[in-house]
Amino acid sequence: MSEAITDRDVVRALRPFVRATGPLLDTLREANLLGLRDREVERGADRGLVDKLWDQLSKVKVPGTAAWARMDVHQRDEWWLNRLGRFVSLLAALPGVGGALADRLPIQAALGAAGQGLLLSAVAGEHGFTSTEDRVRLLAHVLFQREVDGTAVEQDAADREAEDRATEELTSELGERSTIKAIGATVWKLAKVLWRLEDELDKRPQGRFYHQALGMLPVVGVVGDYFGERSALKRVRAAAYAWFATQ
């Protein structure tokens with residue numbers, strides 16, 4: 001890009017990004033899916049097949065279940081890393097089927113950064129950092145190595161309305177049903193937001209050198225890119241923990 005990206009540019013891009021990811025992740029975390037959170041397993045009870053099925057579902061460690069409520073914060077972090085991490089890593093790796101040519105395009109970096117931003121928002125929520133300002137500071141620090149103040153960019157009424165519209169557009173695919181297709185489309189939209197910060201994307205945590213080497217190869221490059229993104233997500237979580245400790 002011809003002009004240097006400023007902290008103001010970073011904050012303006014991250015605010016709608018964070019606002020779009022935060023409510024979605026909070027809803028997934030707190031939703032009482034089918035009432036399962038309130039169901040406890042009663043041992044030795046003589047009940048019907050349906051009740052036994054509900055009890056089995058209540059043991060599944062997903063947001064909204066009794067098992068989820070009993071998990072500590074680090075167990076929930078691990079859940080987000082594995083379940084969310086696999087999905088976003090695959091999305092980011094798919095352009096790698098083209099090998100070195102695809103690696104030179106910013107879309108792969110933007111998708112990877114979007115997935116990392118989603119994980120950061122999820123982990124931040126588990127550690128009590130729920131405000132837009134805190135998450136903007138966290139994402140700027142981990143993804144772009146910048147120390148910004150999320151409240152530093154002054155907004156007038158028009159700016160706030162524009163941000164509201166951008167946030168609504170980012171989450172519009174999820175309005176009716178949260179299918180895999182809708183979630184993928186939303187991640188794509190989030191990636192396009194970060195694409196505006198193209199010159200900053202190389203600063204985000206990366207995979208190991210051998211992941212990058214494999215990612216340069218046509219077709220099998222997607223494998224290297226996938227494991228590279230998974231490795232990078234672990235670094236993202238470690239960087240988040242270090243940031244939490246300083247707050």
Practice prompt. Walk me through it: do Ser172 and Lys189 pass the test side-chain hydrogen bond (donor to acceptor under 3.5 Å, both in side chains)?
Written response: CA-CA 10 Å; Ser172 62; Lys189 289 182 179 181; 2.8 Å; yes
Item to complete: Examine distances only and state if a side-chain atom of Ser121 and a backbone atom of Leu118 form a donor-acceptor pair shorter than 3.5 Å.
Response: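 No: the side chain of Ser121 does not pair with the backbone of Leu118.
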Heavy-atom side-chain proximity of [X] to [Y] below 4.5 angstrom:
X      : Y      : answer
Leu138 : Phe244 : yes
Arg137 : Gln247 : yes
Val88  : Leu119 : no
Leu120 : Leu143 : yes
Val142 : Gln116 : no
Phe144 : Ile5   : no
Val123 : Phe129 : no

Worksheet entry | Reference residue Pro16; test side-chain contact (heavy atoms from CB on, under 4.5 Å); the match among Asp164, Thr132, Thr167 |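 The option that passes is Thr167.
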Kindly write out the residues that satisfy salt bridge (charged side-chain N to carboxylate O under 4.0 Å, His left out) with [X], not counting sequence neighbours, or none if the list is empty.
X      : result
Glu168 : none
Glu163 : Arg15, Arg19
Asp7   : Arg146
Lys203 : Glu200

Tell me the closest heavy-atom pair linking [X] and [Y], and the distance in Å.
X      : Y      : answer
Ala140 : Val10  : CB-CG1, 4.1 Å
Leu197 : Ala13  : CD1-CB, 3.9 Å
Ala110 : Ala191 : CB-O, 3.5 Å

Practice prompt. First locate atom CG of Leu194, then atom CG of Leu14, and finally report the distance between them rounded to the nearest 0.5 Å.
Written response: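 One gets 6.5 Å once the value is rounded to the nearest 0.5 Å.
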Fill in: Atom pair CG (Leu170) and OG1 (Thr186), whose distance is rounded to the nearest 0.5 Å
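Reported value, rounded in 0.5 Å steps: 8.0 Å.
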Worksheet item: Partners of Asn82 by side chain to side chain contact (heavy atoms under 4.5 Å, CB included), sequence neighbours excluded?
Response: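 Expected list: Glu78, Arg86, Arg230.
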Worksheet item: Can you list the residues that meet the side chain to side chain donor-acceptor pair (under 3.5 Å) rule with Asp77, with sequence neighbours excluded?
Response: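 For Asp77, the residues satisfying side chain to side chain donor-acceptor pair (under 3.5 Å) (neighbours in sequence not counted) are His127, Tyr241.
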Fill in: Derivation of the side-chain hydrogen bond (donor to acceptor under 3.5 Å, both in side chains) call for Asp9 and Thr6
CA-CA 5 Å; Asp9 296 327; Thr6 67; 3.1 Å; yes
Item to complete: List the steps and the verdict of side-chain contact (heavy atoms from CB on, under 4.5 Å) for Trp188 and Leu111.
Response: CA-CA 7 Å; Trp188 170 255; Leu111 282 167; 4.2 Å; yes
Worksheet entry | Stepwise side-chain contact (heavy atoms from CB on, under 4.5 Å) test for His141 and Val148 | CA-CA 8 Å; His141 172 79; Val148 303; over 6 Å; no
Worksheet item: Are Arg204 and Glu229 ion-paired here, with the side-chain N under 4.0 Å from a carboxylate O?
Response: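 Yes.
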